[in-house]
Amino acid sequence: MEKRVLRDIQPQRVMYFFEEISKIPRGSGNEKKISDYIYGWACENGLEAYQDKALNVIIKKPAAPGYEDSEPVMLQAHMDMVCEKNSDSFHDFSKDSVQLKIEGDMISSAVGTTLGADNGIGVAYCMAVLEKSDLKHPALEILLTTEEESTFKGALSVSPELFQAKKLINLDQAVENQILAGSCGGAGVKVLLPLEYEQVCKEKEYKAFQLSVSGLPGGHSGEDIDKGHGSAISLLIRLLYEIKSRHNVQLSHVSAGTSRLAISREAEAEILIYPEQQQEIQDTVEKMMGILKMSIRVSLVIYRLDSRKLTD
Ligand SMILES: [Zn+2]
């Protein structure tokens, strides 16, 4: 028999649905399967359900006996999730299930990925409420949207005529015992910098080094930004700035972060230096680490010069 990781955790049916949802890959823009699963489940359970072109699912449940005259209430959650993983993870978000594990009193991913509780747990709550027959509630209108973590395409495509409710409870709230009655929205900025490449690849003179920052806890760019987790991108750029202002180095490659909604956990750069500078640069890095006083790992390791095309 299949072993359910969250079997003993309360509320049991919420955790059951969360575990079911976690089996279905559901990055933003890849919601067909999760949308079909929820819509199919609602139809099987005899609920009035709609699936629109943007793959939003709308499900209605009549008021419990005695609550027919109460105002209807809308519950809202989104079915897509942020797909972030550690660089050493082989997880493929387009087809793999998120593997769950329990660590102390936390549920987390067992394979170095984001968990998807944002907002899988909101969807799971909606399904548990829809399923339970003895709850006392007014008529419920459930709205589960798509592409919340990217373009808001789902929310922007919703047909308002499907709803009677004037009150909405947003289940995409991260703080326990609080109800969110709205949403602040978000904005993205795309910056394109013209890069100028210069031919410096003189193998005999330069040595290539990889400078990497890792070991940071990451987190949600909105909810955890005040917790001092540190951003691998900022730390790497500060390190590079210090190194560049003190030493004659060339930068050939930078890569960092994987999602604009996640605080970066890892970042790396490839620099070209004269071999005799190695110790000085190592000293600069260590000095900077002393200033930053963070329990992160920074490594400066030799990189095979012929393993990558360094300049265009
Ligand atoms: Zn969310």
Side-chain angles (χ1 to χ4, degrees), residues 82-93 112-114 150 187-222 224-225 227-312:
V82 173
C83 296
E84 262 270 291
K85 62 176 185 175
N86 292 338
S87 56
D88 57 357
S89 165
F90 292 105
H91 188 85
D92 181 347
F93 280 110
T113 67
T114 36
S150 56
V189 178
K190 193 172 181 179
V191 179
L192 293 171
L193 294 175
L195 284 184
E196 276 178 30
Y197 285 96
E198 165 187 6
Q199 188 75 36
V200 293
C201 191
K202 295 173 191 161
E203 293 191 25
K204 286 191 190 87
E205 289 177 26
Y206 283 107
K207 252 182 170 178
F209 283 83
Q210 189 186 60
L211 181 64
S212 63
V213 176
S214 60
L216 283 96
H220 191 284
S221 62
D224 301 314
I225 203 68
K227 300 198 172 79
H229 287 181
S231 147
I233 298 175
S234 311
L235 291 167
L236 179 74
I237 299 305
R238 284 176 72 181
L239 282 167
L240 283 173
Y241 180 80
E242 268 323 295
I243 293 170
K244 196 86 177 104
S245 57
R246 290 166 198 224
H247 311 282
N248 181 17
V249 299
Q250 304 284 346
L251 178 65
S252 65
H253 175 78
V254 179
S255 63
T258 51
S259 164
R260 71 184 175 93
L261 289 171
I263 299 170
S264 54
R265 291 185 279 195
E266 295 171 325
E268 60 177 49
E270 192 179 276
I271 53 174
L272 303 181
I273 65 174
Y274 291 115
E276 60 273 20
Q277 289 180 298
Q278 187 179 346
Q279 191 53 52
E280 292 167 25
I281 292 175
Q282 188 74 53
D283 292 346
T284 301
V285 170
E286 267 155 35
K287 202 172 152 198
M288 276 299 287
M289 291 318 300
I291 294 167
L292 298 169
K293 286 196 184 77
M294 295 198 65
S295 55
I296 56 170
R297 291 189 293 275
V298 173
S299 57
L300 186 64
V301 295
I302 191 157
Y303 204 74
R304 278 170 59 90
L305 195 54
D306 55 2
S307 68
R308 181 197 290 275
K309 194 174 167 230
L310 292 170
T311 54
D312 287 323

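All heavy atoms count here, side chains included; hydrogens, waters and symmetry mates do not. Residue numbers count from 1 along this sequence.
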Check side-chain contact (heavy atoms from CB on, under 4.5 Å) between [X] and all other residues, then give those that pass, not counting sequence neighbours.
X: Asp88; value: Asn86
X: Leu251; value: Leu240, Val254, Ala269, Ile271
X: Ser221; value: Leu261
X: Gln279; value: Gln282, Asp283

Can you give me the closest heavy-atom contact between [X] and [Y], atom names plus distance?
X: Phe90; Y: Lys85; answer: C-NZ, 4.3 Å
X: Lys207; Y: Pro275; answer: CD-CB, 4.0 Å
X: Gly218; Y: His229; answer: O-ND1, 2.6 Å
X: Met288; Y: Arg238; answer: CE-O, 4.0 Å
X: Ile233; Y: Ala256; answer: CG1-CB, 3.5 Å

With sequence neighbours left out, write down each residue that passes side chain to side chain donor-acceptor pair (under 3.5 Å) with [X], or none if nothing qualifies.
X: Gln277; answer: none
X: Thr284; answer: His247
X: Ser89; answer: none
X: Thr114; answer: none

Give, for atom CG of Asp92 and atom OG1 of Thr113, the distance between the pair rounded to the nearest 0.5 Å.
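Asp92 CG to Thr113 OG1: 11.5 Å, rounded to 0.5 Å.
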How long is the straight-line distance from CD1 of Ile225 back to OG of Ser231, given to the nearest 0.5 Å?
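Answer rounded to 0.5 Å: 7.5 Å.
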Under a 4.5 Å cut-off applied to non-hydrogen side-chain atoms, are Ile281 and Leu211 in contact?
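Heavy-atom side-chain distance check fails, nothing below 4.5 Å.
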Side-chain touch Leu216/Leu235, heavy atoms, less than 4.5 angstrom:
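Touching, per the 4.5 Å side-chain cut-off.
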Which residues share a salt bridge (charged side-chain N to carboxylate O under 4.0 Å, His left out) with Lys244, sequence neighbours left out
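Listed in chain order: nothing, the list is empty.
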Going by the rule salt bridge (charged side-chain N to carboxylate O under 4.0 Å, His left out), which residues pair with Glu242 if we only count those two or more places apart in sequence or in a different chain?
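Partners of Glu242 by the salt bridge (charged side-chain N to carboxylate O under 4.0 Å, His left out) criterion, ordered by chain and then number, come out as Arg246.
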Between Ser252 and Glu270, do the side chains contain a donor N or O and an acceptor N or O under 3.5 Å apart?
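A donor-acceptor contact under 3.5 Å links the two side chains.
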Pairing residues for His91 by the ring pair (Phe, Tyr, Trp, His ring centres under 6.0 Å) criterion, not counting sequence neighbours:
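If we apply the ring pair (Phe, Tyr, Trp, His ring centres under 6.0 Å) test to His91, skipping adjacent residues, the hits are Phe93.
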Qualifying residues under ring pair (Phe, Tyr, Trp, His ring centres under 6.0 Å), relative to Tyr274, sequence neighbours excluded:
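If we apply the ring pair (Phe, Tyr, Trp, His ring centres under 6.0 Å) test to Tyr274, skipping adjacent residues, the hits are Tyr206.
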Check: Glu266 main-chain N/O paired with Ser214 side-chain donor or acceptor under 3.5 Å
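Checking the backbone N and O of Glu266 against the side chain of Ser214, no donor-acceptor pair under 3.5 Å is found.
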